[in-house]
Amino acid sequence: MSDNQTPSRSSRREQYSNNHKSPKGPKSLIKKILLWGASAVGILILLGAVLFFYWASSAPEITQSSLESQNATKIYDSDNNVISQLGVQKREYVKSSAIPSKLSEAVVSIEDRRFYKHHGVDPVRIVGAAFSNITGSSSGLQGGSTLTQQLVKLSVFSTKSSDQTFKRKAQEAWLALNVERHFSKKQILEYYINKVYMGNGVYGMQTGAQYYYGKDLKDLTIAQYAMLAGIPQSPTYYNPITNPKVSTTRRNEVLEAMARSNYITSSQAKAAEKTSVQDGLDSSHGDTASADSSTNKSKVVDSYLKQVVSQLKSDGYDPYNDSLEVHTNLNMGAQQNLYDIVNNGTITFQSSDMQVGVAVTSPKNGKILAMLGGRKTGNVTFGLNRAVQTDRSSGSTSKPIMDYGPAIEDLNYPTYRTVKDLPFTYPGTTKKAYDFDREYQGSITMRSALVQSRNIPALRTLQDVGITKATKFLTKLGITSKTDYELQNGIGLYISPLQEAAAYAAFANGGTYYKPYYISSITTKSGETHKYSAQGEKAMKSSTAFMITDMLKDVIDSSSGTGTTAALSGVHQAGKTGTTEYPTGTTSSSGVMDSWFTGYTKKYSISVWTGYDKQYETGHAVTSTYEKVAARVYSNEMSYLEDENSSSDWTAPSSVTKVTKNGNTEYEVTGASWSSTGVSDTYAENNSSSGSSSSSSSVITSSSTTSSSEAKQESETASSSSNNANSVGQGTGGNGGNNDTETSSTSSTSSTSSSTATTP
């Protein structure tokens with residue numbers, strides 16, 4: 001194109017475009033970032049709004065009744081009958097017209113100073129709480145809650161920390177907005193002041209005024225109003241009676257907040273701060289009810305209820321403030337019967353101080369059906385629960401779960417297996433083990449040894465099994481120890497009646513262990529229900545469970561059994577007695593420290609301990625006459641349960657074979673092969689001479705699952721563990737005939753025949 005030629009239209013557009021292109025630089029990039037950021041924020045806000053309203057749509061209903069009501073937790077038995085209410089207290093409801101203005105001002109100042117400016121949710125407070133959370137000056141989401149939101153939470157939500165989720169906060173905010181729409185600020189304050197927990201089982205500030213000061217609200221001072229307003233944040237911590245120092249700090253915080261909000265002058269605040277926080281406290285607590293915060297709490301269910309409350313707390317609930325519905329596994333009829341048995345003269349105890357601990361569980365599912373932690377306990381609430389204590393030796397009731405159970409499970413012992421009742425010395429020591437009669441029966445069957453509760457055969461059997469396998473067997477039954485078990489634990493374990501009832505239940509149901517549990521379901525104020533159950537775990541073979549059961553039936557039914565006192569006509573049951581003697585040189589030799597009976601049917605498992613809390617005091621040895629009390633308690637309770645729901649007899653599984661030995665019906669594990677004696681010559685040589693046992697334990701002759709070398713290795717493990725036996729032995733045992741008692745002892749070869757019977 002020549003110089004004087006006019007440019008075309010397209011070339012002019014191209015030239016214009018080139019001359020007017022937007023500059024590419026930092027400003028353009030920043031602008032785009034800001035636009036993207038604004039868009040992202042907008043999207044997040046939109047999504048947040050959608051999520052908020054989605055959560056809000058599932059919020060529980062809130063009514064005037066729920067705002068006014070107390071936060072009682074109801075405890076139900078298995079038939080849905082209320083057995084107790086926690087958090088119910090004599091509460092004097094105070095109307096807004098009778099609430100002093102200075103109390104309202106104190107509450108608003110410390111809890112929500114913008115209370116009269118917001119509509120249930122305070123954006124300013126939320127932003128402030130968020131900043132505090134970011135800077136680390138606040139511990140969580142609750143910092144943004146208004147007083148109205150707190151009222152909502154107290155009325156319809158759980159205070160469990162794990163429930164303080166964003167979903168719950170959204171629902172809380174939504175309900176707070178609705179509350180503000182339907183109720184005045186004065187009404188909201190009224191509900192809040194009457195609902196808050198003031199500690200010591202007291203609810204509402206009017207009742208709190210009576211409890212702490214013995215006066216009505218209208219008669220208190222500014223300092224006392226400030227104290228009451230500060231307590232709900234942490235009622236136990238800010239208790240002016242027990243924690244005057246920290247409660248003073250809290251009260252002064254309220255006074256300073258009141259001054260900042262211009263409800264009082266600085267001079268009034270300073271004057272009030274000079275007052276001792278304990279001035280005016282009333283030790284008689286005015287006209288309030290007892291500080292015990294539950295009504296309908298009967299002595300009959302006290303021990304069971306104590307464990308339920310403990311579980312609720314461990315699960316993060318506040319049983320006194322969360323208004324829960326707690327359904328338990330308690331069979332109230334069985335519980336009442338159990339209480340009556342030991343308290344109303346059905347059974348004669350040695351003295352009023354003689355104590356008892358009982359646990360009843362279901363072998364089918366692990367439910368704890370009844371529990372008694374003591375007798376003649378007076379007005380004590382939530383006292384010592386002996387049914388869950390593990391500080392007393394179980395005596396010979398340990399033999400099925402530590403000695404003979406593992407022997408059948410791991411070594412395939414038949415019920416007719418020959419065991420030696422000959423002189424025995426704990427390996428590596430000079431301590432001898434004895435039976436109750438200090439006699440020896442030579443070679444007897446395992447069945448006979450268990451039925452008569454002979455100690456020495458049990459100890460020798462544990463040597464064969466080995467501590468390692470015995471420990472594994474116990475662990476599968478929910479029984480563990482912080483220290484290693486020793487040989488002498490074969491005739492006594494430190495376990496509770498509840499643990500033992502649950503362990504024996506595995507024999508009853510064919511070998512499955514269920515961890516025992518109290519609560520079947522919990523329903524919160526918001527309507528959420530949490531269900532509980534125990535997942536059964538196979539603890540042993542069905543052959544083991546049946547063979548132990550068959551032998552334990554003879555403990556009750558055989559004329560030579562130690563548990564004939566527990567016999568019930570027509571009831572198919574199995575069980576074991578247990579007693580423990582006193583250590584050498586302690587208290588009277590005319591009785592025992594502890595007496596147990598643990599037994600079961602296919603539907604119920606019961607373990608009973610009897611003895612004295614202060615077992616070493618004069619007169620607290622359980623005499624032979626009262627050693628049978630545990631079996632009597634058991635039989636009375638089992639009779640009630642079986643009359644209510646009888647059990648069928650056990651049938652042999654295919655894994656066991658019935659055989660006849662010496663005219664008696666016996667059982668062996670199907671496929672297991674045994675010699676005629678069931679014991680090696682080496683065993684007899686090591687254990688029949690010089691009154692002591694060799695450091696090498698016996699070796700079984702044959703087993704379908706365990707070789708001789710394997711058995712010897714396990715036996716040596718048992719011997720090694722036994723070398724560390726405490727110089728104070730432990731013992732339980734059995735006698736023949738119908739005496740229904742079994743005690744044993746150990747003593748040093750250099751001492752006289754004084755007996756000992758404690759577990760290290």
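FYI, side chains are in, hydrogens and waters are out, and symmetry mates aren't considered; it's all heavy atoms of this structure. Just so it is clear, the structure is predicted and the values come from calculations on it, not from any experiment.
For the salt bridge (charged side-chain N to carboxylate O under 4.0 Å, His left out) condition, no pair includes a residue of residues 502-514, sequence neighbours left out. Within the structure, salt bridge (charged side-chain N to carboxylate O under 4.0 Å, His left out) contacts touching residues 372-393 (residues at least two apart or in different chains) are R386-D613, R392-D594. Residue pairs meeting the ring pair (Phe, Tyr, Trp, His ring centres under 6.0 Å) criterion with at least one member in residues 534-562, sequence neighbours excluded: F546-Y667. Within the structure, salt bridge (charged side-chain N to carboxylate O under 4.0 Å, His left out) pairs that include any residue of residues 543-552 comprise R447-D550 (at least two apart or interchain). The stretch residues 624-647 participates, sequence neighbours left out, in these ring pair (Phe, Tyr, Trp, His ring centres under 6.0 Å) pairs: F597-Y634.
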| Trace of the side-chain contact (heavy atoms from CB on, under 4.5 Å) decision for Y494 with S393 | CA-CA 5 Å; Y494 276 129; S393 173; 4.2 Å; yes
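Here the two rings, on F436 and Y434, have centers that are 6.0 Å apart or farther. In summary, the aromatic rings of W650 and Y600 are positioned with their centroids under 6.0 Å apart.
Residue T577 is tested with T562, T565, T397 for a side-chain hydrogen bond (donor to acceptor under 3.5 Å, both in side chains); the sole match is T562. Here the options are L552, I401, I548, V451, the test is side-chain contact (heavy atoms from CB on, under 4.5 Å), and the partner is K576; only L552 passes.
Residues satisfying the salt bridge (charged side-chain N to carboxylate O under 4.0 Å, His left out) test with K553, not counting sequence neighbours, are D649. Checked against side chain to side chain donor-acceptor pair (under 3.5 Å), K603 has the following partners two or more places apart in sequence or in another chain: N645. Judged as a ring-ring contact (aromatic ring centres under 6.0 Å, His included), and not counting sequence neighbours, the contacts of Y76 are H327. Here Y304 pairs with Y518 under the ring-ring contact (aromatic ring centres under 6.0 Å, His included) rule; sequence neighbours left out. In this structure, the side chain to side chain donor-acceptor pair (under 3.5 Å) partners of T657, at least two apart in sequence or on a different chain, are T670. For S448, the side chain to side chain donor-acceptor pair (under 3.5 Å) criterion is met by Q452, not counting sequence neighbours. Here F473 pairs with nothing under the ring-ring contact (aromatic ring centres under 6.0 Å, His included) rule; sequence neighbours left out.
Of all the heavy atoms in A387 and S496, the pair that sits closest is O-CB, 3.6 Å.
A distance of 3.5 Å separates CD of Q311 from CD1 of I519, quoted to the nearest 0.5 Å.
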